[in-house]
Amino acid sequence: MRPDPQTHIRVWDLPTRLFHWVIVLLVCAAWFSADQGYMRVHLVCGLSLLSLLLFRIAWGVVGSTTARFRNFLHPPVRVVGYLKGLAGGEKILHAGHNPAGGLMVIVLIGVLLAQVGTGLFANDGVKFRGPLALLVSEDMSTRLATIHGLIFNLILLLIWCHVVAIGFYMLVRGDNLVWPMVTGKKPRTHVPADSNLIFTRSYLALILLGLSAAIALWVLAQGG
Amino acid sequence: MGAFVGISGRMSAAAYFGCVGLLTLVGIGIAMLVRPAFGHTVLQSIGLEAVPRAEAASFYSTRVAPLFDSRCVSCHGDRREKAGLRLDSYAAVLRGSKDGAVIKPGDPKNSELFHRISLPSSDDRAMPPSGKTPLTPDEVTVIRLWIAQGASGVQRTIAGAPRLVQEVRIPQDDPQAASKARASLSQQVRKLQAEMPGVIAYQSRNSADLEVNASLKGSAFGDAQLHALMPIQAEIVRLDLSGTAVTDASAAMLAAMPKLQVLRLSGSKITEVTIAALAQSKSLRSLTIGDIKIAGNGLASLRQNHVTVYGGADAP
């Protein structure tokens with residue numbers, strides 16, 4: 001079911017969409033692998049997440065219009081104002097993330113980075129140590145492992161909030177946010193008429209992803 | 001209500017968030033079913049399920065819990081909760097892991113916890129895992145018998161349980177600490193040792209505690225000589241005044257020595273006056289009084305203070 005080019009407009013570039021869905025898969029895989037004790041798989045998931053998060057930060061600076069932080073990061077007052085307007089039934093159009101969604105993106109990136117960061121230094125008390133666990137004391141490693149477990153609960157809560165928000169837009173506001181994140185296109189009626197969207201070429205994303213992966217591997221190598 | 005009615009006649013916000021609340025509750029319910037330990041935690045924390053508690057004198061508290069504390073809690077406690085299992089309280093043990101109960105009361109063979117601790121250390125699933133100190137056969141037996149008898153938190157004894165082996169730790173000498181403790185009084189000790197050869201000595205090579213044996217001096221050692229020991233009196237742990245000329249004039253000094261544990265007075269000039277004063281000593285553990293005459297129950301206070309008294313003749 002391809003969106004009709006006459007009625008739909010491209011808002012999300014391919015790298016941003018891929019980032020979103022691969023993150024979803026990796027978080028699920030990291031959860032499952034840790035739960036089942038497949039710690040090597042968990043390590044690969046963690047390093048992949050690190051690469052993707054680093055990529056997303058870079059893409060938030062040089063990527064397409066809707067991927068750039070400066071276009072969806074707003075001061076708290078504006079976020080609160082947006083939410084008040086939402087409760088009042090206002091329909092304000094945004095090509096990319098709305099102010100509340102933008103805040104959620106930043107929070108999720110931050111929390112996932114904290115989760116990956118603590119995981120690098122954590123140990124499971126049995127046979128597995130994070131790649132950098134030996135760089136800190138056993139006590140600190142154990143403490144970070146505890147924090148790693150606590151942050152995971154926060155991630156679950158944030159995911160639930162994210163899903164509830166998406167459901168709200170879809171069922172209450174009649175605005176499907178999921179499908180555009182798959183196809184990259186939104187109905188023209190849901191995008192401000194004066195939107196001037198510029199898309200960065202995808203090969204740049206590949207280069208940035210390669211660099212991010214290299215940094216993740218370099219981090220891995222620091223553990224010896 | 002207008003603000004809560006969705007555009008295009010879609011679901012209202014109130015209805016939507018009502019559904020979200022309901023879904024959240026259903027999700028928590030499913031999680032409680034899938035993860036029984038989580039279920040028990042939720043029910044116990046909101047008071048819908050009694051929290052099982054073990055009595056302090058129960059077999060669990062005296063024999064089983066110490067094993068869990070020393071061998072398991074580092075990975076299954078408040079700092080880390082491997083497999084969602086905690087073994088740091090009776091309630092947590094019964095709650096089990098993310099996969100369900102680990103104890104089946106009355107059935108050790110089908111209890112996951114017992115199964116894991118019974119596996120050979122070469123098995124990947126053995127607990128404690130390789131590299132950690134394994135449970136001894138007696139310790140495994142203690143846990144097996146406890147489960148077999150119903151995993152009770154009340155039962156105090158279990159027939160056939162191996163005897164409790166008390167671990168005895170012998171404190172190690174610390175030469176550095178000893179030399180530091182000696183530093184402040186070494187000069188005084190050397191001076192007094194020169195004045196009274198053979199009377200004053202350190203209790204051991206790595207100790208600042210002093211032993212004084214004045215019995216060697218006999219009647220040449222009196223109150224004046226004892227008072228000359230005042231600068232070092234705080235470090236004296238053993239004092240032998242047998243056969244000396246020390247009198248009751250030194251009673252207050254003897255009673256005030258903070259570390260004095262062993263005191264020998266037989267054959268000295270001391271009377272029951274000093275013995276009565278010694279009841280105030282908080283450190284004294286052994287007192288030899290020989291044939292010093294004591295009236296009535298003059299030794300009662302000392303014995304109440306757990307001082308072992310050797311000798312003592314009844315006063316006429």
Side-chain angles (χ1 to χ4, degrees), chain A residues 31-32 34-39 42 83-93 118 122-130 133 137-150 152-153 156-157 159-176 187 189-190, chain B residues 1-28 30-31 34-35 37-38 41-42 71-87 97-99 116 121-132 134:
Chain A
W31 181 4
F32 179 78
D35 193 60
Q36 297 299 312
Y38 303 134
M39 297 312 288
H42 190 69
L83 289 172
K84 277 184 182 167
L86 201 64
E90 273 182 45
K91 186 161 173 88
I92 307 163
L93 302 179
T118 51
N123 72 82
D124 74 347
V126 188
K127 289 168 184 167
F128 179 78
R129 286 175 196 278
S137 68
E138 180 79 18
D139 195 45
M140 176 58 79
S141 174
T142 301
R143 224 175 285 174
L144 290 170
T146 306
I147 295 170
H148 193 66
L150 292 174
F152 176 69
N153 293 331
L156 287 183
L157 182 67
I159 290 172
W160 180 233
C161 290
H162 188 63
V163 170
V164 167
I166 287 167
F168 177 82
Y169 279 97
M170 188 181 287
L171 299 174
V172 180
R173 306 276 300 179
D175 192 359
N176 187 337
T189 52
H190 288 201
Chain B
M1 182 81 185
F4 293 100
V5 177
I7 58 169
S8 311
R10 290 184 176 82
M11 184 184 266
S12 71
Y16 175 73
F17 284 110
C19 289
V20 167
L22 201 64
L23 266 175
T24 307
L25 288 176
V26 170
I28 292 172
I30 291 171
V34 175
R35 298 278 163 93
F38 172 66
T41 306
V42 172
R71 305 298 170 80
C72 314
V73 165
S74 61
C75 292
H76 297 291
D78 61 343
R79 293 184 71 197
R80 187 179 284 139
E81 216 173 305
K82 292 297 298 175
L85 175 65
R86 285 180 67 160
L87 296 174
S97 73
K98 65 183 173 62
D99 296 319
R116 293 294 194 97
S121 57
S122 55
D123 194 307
D124 271 354
R125 295 168 306 146
M127 287 289 151
S130 60
K132 309 265 179 185

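This one's a predicted model, so the numbers in the text were calculated from it and none came from an experiment. Just so we're on the same page: letters track the sequence lines, and every chain starts at 1.
- Heavy-atom distances place both the backbone and the side chain of B/T24 under 4.5 Å from chain A.
- Taking 4.5 Å as the limit, every side-chain heavy atom of B/V20 sits out of range of all side-chain heavy atoms of A/F168.
- Across all non-hydrogen atoms, the minimal contact from B/R10 to A/M170 is CD-O, 4.1 Å.
- Under a 3.5 Å cut-off, the side chain of B/Y16 and the backbone N or O of A/V164 do form a donor-acceptor pair.
- Here the closest heavy-atom approach between residue B/K98 and residue A/D35 is recorded as NZ-O, 3.1 Å.
- No other option in A/A34, A/G167, A/G37 has as many heavy-atom pairs under 4.5 Å with chain B as A/G167.
- Among all heavy-atom pairs drawn from B/R80 and A/A145, the shortest one is NH2-CB, 4.4 Å.
- For A/D175, no part lies under 4.5 angstrom from a heavy atom of chain B.
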